[in-house]
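All heavy atoms count here, side chains included; hydrogens, waters and symmetry mates do not. Residues: numbered from 1 along the sequence shown.
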Amino acid sequence: MSGHSKWHNIQGRKNAQDAKRGKIFQKLSREIYMAAKSGGPDPDGNPTLRMVIDKARSNNMPKDNIKRAIKKAEGGSEEHYDEITYEGYAPGGVAVFVEALTDNKNRTASDVRVAFTRNGGSLGATGSVAYMFDRKGYIVIDRSTTDADEDQVLLDVMDAGGDDLQTSDDAYEIYTDPKQFAGVRDALIKDGYKLAEAELTMIPQNNTTVPADKKEQFEHLVDALEDSDDVQNVYTAAADED
């Protein structure tokens, strides 16, 4: 797969979001609650819940918060959240795909629409940009946590059923078919690798460079979307920064 390191951008966004830690925990709690409610509270028998718990741990979410969300689902809470996606274009013609989990569709739609219109973007119809992204499993191994060289990692990834390996100075980045994601993740853990990231994500088929004079506006749009309590993930086709 082409392009620069996705991990580099993830690290940058995580650092920028440190001040929003409470909001991130709130969103993760919502994901854990829905996963436990729909598939059961045992992560060993609920791959979706296990994946969300791993995501929560990678964001340093306290164990008590995780347990509280699971217990809430076990307790028969009547809360319900709908999964909704939004599509559009950011300044510079960059495709944007947004995933939300909400208990109030009108509120979320308004938040997303305002974020686009106030920051030079345009909200599109369903299907307007989704075809430009592929759903993939994404796994990261920090190179400082393993003695395995690239050849060994590639062999282990292929044996596990992974599709592609990208190597950078800092990390090994593995991409999988969504259906093979859990199996690949578990096989790599069994092989002794410590995973820095393991999630299902959306990968753009082609990247668009954000014009220099639109960069600030583009970043404001992404920040505004991520600030919404209901928005879980924001994916863009912006070319990765060096």
Side-chain angles (χ1 to χ4, degrees), residues 13-14 16-41 43 46-56 58-62 64-91 94-133 135 178 199-202 217-237:
R13 293 215 65 80
K14 278 187 174 180
Q17 290 175 339
D18 279 345
K20 306 176 185 177
R21 190 65 61 188
K23 183 167 288 191
I24 292 172
F25 291 165
Q26 175 187 330
K27 294 182 180 185
L28 288 168
S29 292
R30 192 175 289 188
E31 284 192 62
I32 292 169
Y33 167 79
M34 285 298 291
K37 195 171 180 66
S38 61
N46 184 343
T48 300
L49 177 60
R50 182 180 168 190
M51 181 181 66
V52 180
I53 289 175
D54 288 344
K55 180 180 176 182
S58 74
N59 280 277
N60 300 313
M61 185 173 179
D64 286 347
N65 294 42
I66 296 173
K67 291 179 181 178
R68 195 178 303 121
I70 294 174
K71 285 184 178 179
K72 185 177 180 181
E74 287 182 290
S77 171
E78 293 302 316
E79 283 186 26
H80 177 75
Y81 299 96
D82 292 305
E83 296 181 8
I84 306 175
T85 60
Y86 300 91
E87 305 169 43
Y89 288 92
V94 179
V96 180
F97 188 86
V98 180
E99 293 177 336
L101 202 55
T102 180
D103 59 354
N104 187 322
K105 296 180 182 179
N106 291 334
R107 179 190 64 223
T108 309
S110 176
D111 286 350
V112 171
R113 187 178 300 107
V114 168
F116 271 93
T117 57
R118 287 186 178 176
N119 295 284
S122 59
L123 193 58
T126 300
S128 58
V129 304
Y131 70 94
M132 301 179 186
F133 294 82
R135 175 72 72 180
E199 64 179 9
L200 291 176
T201 188
M202 296 288 278
Q217 205 173 24
F218 169 80
E219 291 174 348
H220 284 167
L221 170 56
V222 174
D223 286 342
L225 289 169
E226 291 181 340
D227 276 343
S228 170
D229 291 339
D230 301 327
V231 170
Q232 299 297 117
N233 300 294
V234 179
Y235 304 107
T236 81

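Contact between Ala35 and Asn46 at its shortest, heavy atoms only, is O-ND2, 2.9 Å. Minimum interatomic distance between Arg50 and Pro43 (heavy atoms only, all atoms of both residues): CB-O, 3.5 Å. Across every non-hydrogen atom of Phe133 and Ala237, the tightest pair is CZ-N, 4.0 Å. In this structure, Ala100 and Tyr86 approach most closely via the heavy-atom pair CB-CE1, 4.1 Å. Closest approach of Ser128 and Ala125 over heavy atoms only: OG-O, 2.7 Å. Closest non-hydrogen pair, Glu87 versus Val129, comes out as OE1-N, 2.8 Å.
Looking only at side-chain heavy atoms (C-beta outward), Asp103 and His80 stay at 4.5 Å or farther from each other. The side-chain heavy atoms of Glu99 and Phe97, taken from C-beta on, include a pair separated by under 4.5 Å. At a threshold of 4.5 Å between non-hydrogen side-chain atoms, the residues Val96 and Phe116 count as touching. Between Pro91 and Leu221, some side-chain heavy-atom pair lies under the 4.5 Å cut-off. Using a 4.5 Å cut-off on side-chain heavy atoms (C-beta onward), Asn119 and Phe218 make no contact. Looking at Leu49 and Ile32, their side chains come closer than 4.5 Å, going by heavy atoms from C-beta outward. Using a 4.5 Å heavy-atom cutoff, the side chains of Leu225 and Val112 are in contact. Side-chain contact between Asn233 and Val98 is absent, with no heavy-atom pair separated by less than 4.5 Å.
Panel note: side chain Lys27, backbone Asp229; no donor-acceptor pair is recorded below 3.5 Å. A donor-acceptor distance shorter than 3.5 angstrom exists from the side chain of Ser29 to the backbone of Phe25, with no hydrogens or angles considered.
More than 12 heavy atoms of other residues, nucleotides or ligands lie within 6.0 Å of CZ in Arg135, so this atom counts as buried by the packing criterion.
With sequence neighbours excluded, the residues forming a side-chain contact (heavy atoms from CB on, under 4.5 Å) with Thr102 are Ile84, Asn104, Lys105, Arg107, Thr108, Asp230, listed by chain and number.
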| said: Could you walk me through whether Glu79 and Lys37 satisfy the salt bridge (Lys or Arg N to Asp or Glu O under 4.0 Å) test, starting with their C-alpha distance in whole Å, then the side-chain angles of each, then the deciding distance to 0.1 Å, before giving a yes or no? | reply: CA-CA 10 Å; Glu79 283 186 26; Lys37 195 171 180 66; over 6 Å; no

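The aromatic rings of Tyr33 and Tyr81 lie perpendicular to each other, with more than 60° between the two planes, well past the 30° mark.
A distance of 10.5 Å separates OG1 of Thr236 from CD of Glu219, quoted to the nearest 0.5 Å. Atom NE2 of His220 is separated from atom CZ of Arg118 by 14.0 Å, given to the nearest 0.5 angstrom. Taking CG of Leu101 as the reference point, atom CG of Leu28 lies at 11.0 Å (rounded to 0.5 Å). The NZ atom of Lys71 sits 8.0 Å away from the CD atom of Glu74 when rounded to the nearest 0.5 Å.
Applying the side chain to side chain contact (heavy atoms under 4.5 Å, CB included) test between Tyr235 and each of Val222, Thr201, Thr85 identifies Thr201 as the sole match.
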